[in-house]
Amino acid sequence: MRDDAEQPLGFMQWEDVESLVGSIRSRSLVARPTTVEQCRDALAYCRRNGMTVCARGAGRGYGDLALNDGQALIDMKRMDKIIEFDEERATIKVEAGTRLIAIYREVHHRLLTLPASPTESHSSVAGAICANVNGKDAWREGSFGHQVISMTLLLANGETQVIDRGHELFNAIVGGIGLLGLIVDATLQLKRIKSPFVEIERIPAANVDELLDTMNRVEKSHDAVVVWVDAYASNRCVGRSVIHAAKWIEHDDTEAERKEYLTAGFEQLERHRRFGLALHTTFGSVLSLMLQAQRLMMYSFNGLYYGLSRLLWRLGRSSNSELFLRFSFEASFTVPPAHLVCGPRGYTLQVTFPRSDARAAIVELLGICRSSPCPPVTTILRAHKHDDSLLSFSEDGYSLNFEFHPKKRHEIASRAAVDRLIDATARRGGKVHLAKDQVLTPRQFYKVYPRYVELLEYKKKLDPDGLFASDLARRVGIGTPHTP
Ligand SMILES: Cc1cc2nc3c(=O)[nH]c(=O)nc-3n(C[C@H](O)[C@H](O)[C@H](O)COP(=O)(O)OP(=O)(O)OC[C@H]3O[C@@H](n4cnc5c(N)ncnc54)[C@H](O)[C@@H]3O)c2cc1C
């Protein structure tokens, strides 16, 4: 920003902005536009005053991908209107800042769902597009970009452009972490469902071989799957896990009845969410303290969880039906929420690896976790399918998502273990999910995302002065229009 900068516009002000778990702090000139015209004004202001801009959706990414320290943020939360809903075609056009949960509220009782929704239901549509997020249905429905029919992009020069699936920029914008322009609206394809209910089976797997055999089976028979993995189990038990597999089921009810129980479901989600956040505020430090005994705590908890699941499975009591909302957005094991699990120094890491190499990859990655002084507090496995986005992390294979809560005295050794995880992932041709990253170095980034060069080629054409930037882009070495 220049010393002689103009007064900020009426809808802009300097604010402290933190990353999700509070581990990264920054200060930015935050604009909260309500119209495309105001977005354009904000970009023009930043161009005139020598500032870079980063778009921010709901700020639910874990790291620094929606932060821009010392520079400008365009916070899209006030642009959250549903523009057009076409029930017959099952499509919906929304403003960029619309939360995914708002779409569910609009369409779910009409027997429609939004595939590829991440667990964080308060993610915005544009945030979900730019991080190309994935849901528990990722191997079937692909990542979020698969549901995008078109989007309107506001370019650095103030012009708008409609980008549909056939447009050459489509795969650069999807997963492109907001570096090419500001999305102002998007049209999404919804999917018809039999009812808002799913039947869930919880299947214990004693080791990595049982895990992969079961995944092979449920990927054919089910619609959504997520796996709790015990990262502490070793030797013959490596890969011990509990597979939660869901499929849509019929449910005989009227639209009015659906509306009623879904309203109660949405309210319950909101209550639990508020409870989780209050728990974080009140007891976050106590939990951090308890996690000083993390190894013992998590070893025991995982053992108990697996043992109980096995018992219920043997007793034939391991399945039930419940609202998809609960399964998707409130997986039993995501409570306590990310804030609590990660703690103030914590971070997540989600890495993919190809299907053909899955067994060896799981054994190696879990082995690295066990060698860390602070193994992950939670470890989740998902299945994925290939994606053409330039920076998308989705591949035909699986991902492991780790949540780390490193102790202060082990910070350096924990970080070294995370580097080994990333290096092993890169060696195996896997990727690291940028929505959850706050540790990748330029060397690691270039290795896992070699197509960043193509993204920068587009950036040179669309944004030659490097107006769009972020802390993440600078950290991984693509923060300027010049190829490093
Ligand atoms: C508890 C929890 C669970 C989660 N579960 C999952 C999961 O299951 N799967 C998964 O993939 N992710 C998951 N995430 C991550 C989260 O869903 C993603 O980070 C998502 O991108 C957040 O959306 P947002 O609106 O907050 O985006 P932000 O974090 O605000 O932004 C994300 C990126 O999009 C860009 N952006 C945002 N809006 C615009 C715009 N209008 N124009 C251009 N660029 C824009 C930003 O610059 C940034 O690069 C989870 C997060 C939490 C906290």
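These numbers come from the heavy atoms of this one structure, side chains and all, not from hydrogens, waters or symmetry mates. Numbering of ligands and ligand atoms starts at 1, following listing order.
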Considering only heavy atoms, which of [options] lies nearest to [atom]?
atom                    : options                      : answer
atom 43 (C) of ligand 1 : Gly61, Ala58, Ser19, Gly181  : Gly181
atom 12 (N) of ligand 1 : Met79, Lys436, Glu120        : Lys436
atom 17 (O) of ligand 1 : Ser123, Ser117, Ala96        : Ser123
atom 27 (O) of ligand 1 : Gly127, Ser399, Pro118       : Gly127
atom 51 (C) of ligand 1 : Lys136, Gln350, Arg56, Arg60 : Arg60
atom 39 (C) of ligand 1 : Ser394, Cys39, Gly176, Ala55 : Ala55

Ligand-residue contact atoms, ligand 1 with [X], heavy atoms, under 4.0 Å:
X      : result
Cys54  : 47 (O)
Leu20  : 53 (C)
Gly59  : 24 (P), 26 (O), 28 (P), 29 (O), 30 (O)
Ala66  : 28 (P), 29 (O), 30 (O), 31 (O)
Cys130 : 34 (O), 35 (C), 43 (C), 44 (N), 45 (C)

Can a side-chain donor-acceptor contact be found between [Y] and [X] if the only test is distance below 3.5 angstrom?
X      : Y      : result
Ser26  : Glu18  : no
Asp185 : Thr152 : yes
Thr378 : Glu403 : yes
Thr379 : Asn401 : no
Asn132 : Ser392 : yes

Do Trp248 and Phe197 have their ring centres less than 6.0 Å from each other?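 Not under 6.0 Å, so no.
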
Do the ring centers of Tyr62 and Tyr347 come within less than 6.0 Å of each other?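 That pair fails the under 6.0 Å test.
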
Does the salt bridge (Lys or Arg N to Asp or Glu O under 4.0 Å) test come out yes or no for Lys191 and Glu141, once each step is laid out? CA-CA 10 Å; Lys191 185 182 158 166; Glu141 310 290 350; 2.6 Å; yes

[X] to ligand 1: N or O pair under 3.5 Å?
X      : answer
Ile183 : yes
Val133 : no
Tyr62  : no
Gly178 : no

Describe, in one word, how the ring planes of Phe301 and Tyr305 are oriented to each other, choosing from parallel (under 30°), tilted (30 to 60°) and perpendicular (over 60°).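 The arrangement is parallel - the two ring planes meet at less than 30°.
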
Where on [X] is there a heavy atom closer than 4.0 Å to ligand 1, on the side chain, on the backbone, on both, or on neither?
X      : answer
Ala131 : side chain
Met76  : side chain
Ile74  : neither
Arg273 : neither
Ser143 : neither
His122 : neither

Among Phe393, Phe353, Tyr398, Trp139, exactly one meets ring pair (Phe, Tyr, Trp, His ring centres under 6.0 Å) together with His384. Which residue is that?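 Only match with His384 under ring pair (Phe, Tyr, Trp, His ring centres under 6.0 Å): Phe393.
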
Does atom NZ of Lys447 have more than 12 heavy-atom neighbours, drawn from other residues, nucleotides or ligands, at distances under 6.0 Å?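 Result for NZ/Lys447: open.
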
Report, as yes or no, whether the 6.0 Å neighbourhood of atom CZ on Arg25 holds more than 12 heavy atoms from other residues, nucleotides or ligands.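 At most 12 heavy atoms, drawn from other residues, nucleotides or ligands, come within 6.0 Å of this atom.
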
Does Arg140 reach the main-chain N or O of Glu219 with its side chain, forming a donor-acceptor pair under 3.5 Å?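 Checking the backbone N and O of Glu219 against the side chain of Arg140, a donor-acceptor pair under 3.5 Å is found.
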
Is the closest heavy atom of Ser470 to ligand 1 under 4.0 Å?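 The answer is no: ligand 1 sits nowhere under 4.0 Å from a heavy atom of Ser470.
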
